[in-house]
Protein chains: 2
Amino acid sequence: MQLEEAKNKFIQSWGTLGTHWGINRTMAQILALLLVSDKPLSANDIMAQLNISMGNTNMNIRALMDWSLVYKELVPGERKDFYIAEKDVWKVTSRIVEHRKRKELEPMIRILEDLQNVEGEGESVEEFKEVVNQIHLFAVKSDATLEKILIADRNNFFNILMKLVLK
Amino acid sequence: MQLEEAKNKFIQSWGTLGTHWGINRTMAQILALLLVSDKPLSANDIMAQLNISMGNTNMNIRALMDWSLVYKELVPGERKDFYIAEKDVWKVTSRIVEHRKRKELEPMIRILEDLQNVEGEGESVEEFKEVVNQIHLFAVKSDATLEKILIADRNNFFNILMKLVLK
DNA sequence: CAATATTTTCAAAATTTTCTGAAAGATACA
DNA sequence: TGTATCTTTCAGAAAATTTTGAAAATATTG
């Protein structure tokens with residue numbers, strides 16, 4: 001397998017994976033392209049290499065910057081903006097996890113808490129509260145665990161992983 | 001808030017959350033409906049309550065059974081099939097995680113391994129290998145950790161969570 | 001076995017999500 | 001300031017996903 005072929009394979013696979021992670025295909029592909037690029041790329045380079053439109057490129061680069069997965073890099077003597085990817089796997093992962101925690105888990109916890117306010121007394125109300133309560137408990141524990149993991153630095157994280165795996 | 005309102009709110013929210021978890025809206029809503037139902041429901045009941053078509057109902061019930069999130073329950077004297085949800089939060093979570101591990105993480109690991117076979121020697125090849133290798137290492141560790149967590153029973157899981165949270 | 005009830009299938013329709021590209025908005029340079 | 005280059009926006013187009021419902025298949029009952 002030649003380098004170019006390998007890079008393309010990586011970009012394609014990463015794109016597919018991304019769609020399962022709250023990231024759309026193009027956004028994931030841009031990230032992948034920048035991850036395996038040895039130099040910063042301009043919006044134009046990205047457009048050309050992935051065969052996508054200007055607007056699509058721009059929108060997704062900005063989303064990636066918003067997620068802190070891609071940074072602008074100024075290239076002296078160049079007027080265009082150039083971009084590089086965050087290459088630290090742990091940072092990439094933790095930023096994605098953080099986003100999803102904020103956008104999915106935390107809103108769900110708020111809703112579950114709200115649902116505890118259901119009125120009435122009968123058995124069916126109790127059963128409902130019980131189900132909601134179980135899920136809430138679980139969600140809160142998961143949230144706290146993620147929080148703990150996220151504030152740890154990479155080394156800490158690998159230590160935790162190792163403890164779990166070797167246990 | 002009345003019980004009915006609370007149940008509907010739960011079903012809607014769970015439906016939205018589901019779409020972020022590789023489960024489509026309807027599939028998640030059916031699961032939610034069964035989770036807060038005090039008795040087994042038939043496909044017809046589900047159709048009526050969620051206002052969805054027969055085909056949609058059938059397809060998603062079967063997907064849920066395939067994921068072991070919903071079971072058939074035979075009601076004596078009834079010709080229809082009735083369904084109940086898995087109410088153990090830990091089981092629900094672990095089955096979803098297991099599915100995603102099999103369908104996303106493991107295929108990615110295989111691709112990353114394949115990509116290590118890139119030919120050539122230059123610096124750019126080495127850089128590519130380094131990126132791929134970092135991701136592969138991380139993916140394998142995550143996979144092993146998930147495996148460990150999944151084969152643990154619920155108590156074990158909560159113990160692990162607790163250790164992490166209280167650390 | 002025939003009649004009826006229930007479940008399953010799947011092509012077409014509806015909906016949702018993503019992408020395009022022309023136009024408007026910035027920014028840098030002379 | 002004028003011109004050229006680059007970036008952003010967004011309405012409409014395209015693509016992907018989900019849903020419908022009629023028809024076929026299957027199961028149950030008498």
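Chain identifiers are assigned alphabetically (A, B, ...) following the order of the sequence lines, protein sequences preceding nucleic acid strands; residue numbering begins at 1 within each chain.
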Visitor: Please give, in whole Å, the distance from C:dT8 C1' to B:Ile61 CD1?
Guide: 12 Å
Visitor: Under 4.0 Å from OP1 or OP2 of C:dC19: is there any side-chain N or O of A:Thr26 that close?
Guide: yes
Visitor: Dump the intermediate steps for salt bridge (charged side-chain N to carboxylate O under 4.0 Å, His left out) on B:Glu106 and B:Arg102, then the final yes or no.
Guide: CA-CA 5 Å; B:Glu106 287 169 11; B:Arg102 265 214 311 285; over 6 Å; no
Visitor: Think B:Asn58 has a side-chain N or O under 4.0 angstrom from the OP1 or OP2 of C:dT8?
Guide: yes
Visitor: Could you tell me if the side chain of A:Phe82 sits less than 4.5 Å from the side chain of A:Lys72, heavy atoms only?
Guide: no
Visitor: Heavy atoms only: give me the nearest A:Ser142-A:Leu105 pair and the separation to one decimal.
Guide: C-CD2, 4.3 Å
Visitor: What is the nucleic acid contact for B:Asp81, judged by heavy atoms within less than 4.0 Å: base, sugar-phosphate only, or nothing?
Guide: sugar-phosphate
Visitor: I want to verify a distance call: between C:dC19, D:dT7, D:dT20, whose nearest atom is closest to the A:Tyr83 side chain?
Guide: D:dT7
Visitor: Report the residue (A:Lys80 or A:Arg62) whose heavy-atom-nearest nucleotide on DNA chain D is the more 5′ of the two.
Guide: A:Lys80
Visitor: Quick one: B:Met54 CE to C:dT9 C1', roughly how many Å, whole number?
Guide: 11 Å
Visitor: CZ of B:Phe82 versus P of C:dA5: gap in Å, rounded?
Guide: 15 Å
Visitor: Specify the residue among B:Asn44 and B:Asn56 whose closest nucleotide of DNA chain C lies further upstream toward the 5′ end.
Guide: B:Asn44
Visitor: Give one of base, sugar-phosphate or nothing for A:Asn24, where a contact means two heavy atoms less than 4.0 Å apart.
Guide: sugar-phosphate
Visitor: Taking only N and O in the side chain of B:Arg79, is any of them less than 4.0 Å away from OP1 or OP2 of C:dT7?
Guide: no
Visitor: D:dT18 C1' sits how many Å from B:Asn51 CG, rounded?
Guide: 16 Å
Visitor: So do the side chains of B:Gln49 and B:Leu33 get within less than 4.5 Å of each other, counting heavy atoms only?
Guide: yes
Visitor: C:dT20 P sits how many Å from A:Leu50 CG, rounded?
Guide: 10 Å
Visitor: Whole Å only: how far is the CG atom of A:Asn60 from the P atom of C:dT18?
Guide: 9 Å
Visitor: Please say whether more than 12 non-hydrogen atoms of neighbouring residues, nucleotides or ligands are located less than 6.0 Å from CH2 in A:Trp67.
Guide: yes
Visitor: So if I take every side-chain heavy atom of B:Met59 and compare against D:dT9, D:dT19, C:dT8, which nucleotide ends up nearest?
Guide: D:dT19
Visitor: Mind calculating the distance between CE (B:Met47) and P (D:dG21) to the nearest angstrom?
Guide: 9 Å
Visitor: Please report, rounded to the nearest Å, how far the C1' atom of D:dT7 is from the CG atom of A:Leu41.
Guide: 17 Å
